[in-house]
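One structure is given here, and the rest of the page talks about it.
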Amino acid sequence: MSHYRLGVGDQIEINVFGEGDLSKQFKINERGTINFPFLGEVSVKDLTIAEVEKAVVAGLKPDYLINPSVSVAIIEYRPFFIEGQIKKSGAYSFQPGLTVAKAVVLAGGFTERASKEKIYIQRADDPSNKAELAMLDSKVSPGDIITIKQSFF
């Protein structure tokens, strides 16, 4: 997921080759930042892994290290949420490749009254906050909210 943009609640690991004191895990706080040694508070929300690597290299290069080699990995994605006519509503750990059908399985399956045609996703990265109609094979992203409506039959 090289295009994935980091968000609040994601946990990342930053490794600086040959610098054990600078290699650490961080959970992105509610301000969208991490507190990195020497650099202080670094804003990482909405950045890709590659962009975080560049930012850390740029911060370390002039004053602390001559040619830092930095790698960043996602340790844990922020959760997605599922509610409505499923057996166990709640927050669940995101996994790359997640679809609505897989999310329903994680939540214990549909209830008897669930509508498989009235499924909505409110996208975490959509500023309008409007829920869109979804299918069972629709992709789910971290922070998304899935709502399964009731069938009237």
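Under 4.0 Å is where a charged nitrogen must lie from a carboxylate oxygen, and between Arg5 and Glu51 at least one such pair does. A salt bridge links Glu41 with Arg31; the closest basic N to acidic carboxylate O contact falls under 4.0 Å.
Pro79 and Ala91 get closest at one heavy-atom pair: CB-CB, 4.1 Å. In plain terms, the two heavy atoms of Ala131 and Tyr120 that are nearest each other are CB-CB, 4.0 Å. The two atoms that bring Gly40 and Asn35 nearest to each other are C-OD1, 3.2 Å, heavy atoms only. Counting all heavy atoms, side chain and backbone alike, Leu47 lies closest to Ser43 at CD1-O, 3.4 Å. Here the closest non-hydrogen pair linking Ala107 and Ile82 is CB-CG2, 3.7 Å. What you find for Ser151 and Ala114 is that their closest heavy atoms are CB-O, 3.7 Å.
Within the cation-pi definition used here (under 6.0 Å to the ring centroid, within 45° of the axis), Lys116 qualifies as a partner of Phe110.
Within the 4.5 Å cutoff, side-chain heavy atoms of Val44 are placed close to those of Val42. The shortest distance between side-chain heavy atoms of Asn15 and Val70 does not fall below 4.5 Å. Proximity of Phe36 to Val16: side-chain heavy atoms (C-beta onward) are separated by under 4.5 Å at one or more points. Leu6 has its side chain out of reach of Thr48: every pair of non-hydrogen atoms, C-beta onward, lies at least 4.5 Å apart. By the 4.5 Å heavy-atom criterion applied to side chains, Val72 and Glu13 are not counted as neighbours. Here the side chains of Ile28 and Thr33 are not in contact, with every heavy-atom distance at 4.5 Å or above. The closest side-chain heavy-atom distance from Pro68 to Glu19 is not below 4.5 Å. Taking the side chain as every heavy atom from C-beta outward, Val100 and Ile121 approach each other to under 4.5 Å.
One distance of note links CD1 of Ile148 with NZ of Lys87; it measures 13.0 Å at 0.5 Å rounding. Taking CD from Glu76 and CD from Gln11, the interatomic distance works out to 5.5 Å, rounded to the nearest 0.5 Å. In this structure, CD on Gln25 lies 10.0 Å from CD1 on Ile12, to the nearest 0.5 angstrom. Distance check, rounded to the nearest 0.5 Å: CD1 of Ile66 to NZ of Lys61 gives 10.5 Å. Asn29 CG to Lys45 NZ: the interatomic distance, rounded to the nearest 0.5 Å, is 11.0 Å. Expressed to the nearest 0.5 Å, how far CD1 of Ile34 lies from CG of Leu39 amounts to 8.5 Å.
Of the possible donor and acceptor atoms, none in the side chain of Ser141 sits under 3.5 Å from a partner among the backbone N and O of Asp144. No donor-acceptor pair under 3.5 Å is formed between the side chain of Arg78 and the backbone N or O of Gly9.
When the side-chain contact (heavy atoms from CB on, under 4.5 Å) test is applied to Asp126, the partners found at least two apart in sequence or on another chain are Arg123, Ser128. Listed by chain and number, the residues in a side-chain hydrogen bond (donor to acceptor under 3.5 Å, both in side chains) with Gln150 amount to none (sequence neighbours excluded). Checked against side-chain hydrogen bond (donor to acceptor under 3.5 Å, both in side chains), Gln122 has the following partners two or more places apart in sequence or in another chain: Asn129. Remark: Thr147 pairs with Glu83 by the side-chain hydrogen bond (donor to acceptor under 3.5 Å, both in side chains) rule, at least two apart or across chains. With sequence neighbours excluded, the residues forming a side-chain hydrogen bond (donor to acceptor under 3.5 Å, both in side chains) with Thr111 are Gln85, listed by chain and number.
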Would you please test Tyr4 and Tyr77 for ring-ring contact (aromatic ring centres under 6.0 Å, His included) and show each step? CA-CA 10 Å; Tyr4 178 73; Tyr77 293 92; 5.0 Å; yes
Run the side chain to side chain contact (heavy atoms under 4.5 Å, CB included) check on Met135 and Thr99 step by step: do they pass? CA-CA 9 Å; Met135 307 297 288; Thr99 62; over 6 Å; no
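Clustering ILVMFWY residues whenever any of their side-chain heavy atoms sit less than 4.5 angstrom apart, transitively, puts Phe81 in a cluster other than the one holding Leu98. Residues Leu136 and Val140 are members of one and the same hydrophobic cluster, defined by side-chain heavy-atom contacts under 4.5 angstrom among Ile, Leu, Val, Met, Phe, Trp and Tyr. Both Val56 and Leu65 belong to a single network of hydrophobic side chains, linked directly or stepwise wherever heavy atoms of I, L, V, M, F, W or Y lie under 4.5 Å apart. Phe94 and Val8 fall into different hydrophobic clusters, where Ile, Leu, Val, Met, Phe, Trp and Tyr are joined by side-chain heavy atoms under 4.5 Å apart, directly or via other members.
Atom CG of Leu133 has more than 12 heavy atoms from other residues, nucleotides or ligands within 6.0 Å. Atom CG of Asp21 is surrounded by 12 or fewer heavy atoms from other residues, nucleotides or ligands within 6.0 Å.
Residue pairs that meet the ring pair (Phe, Tyr, Trp, His ring centres under 6.0 Å) test with at least one member in residues 52-75, sequence neighbours left out, are Phe38-Tyr64.
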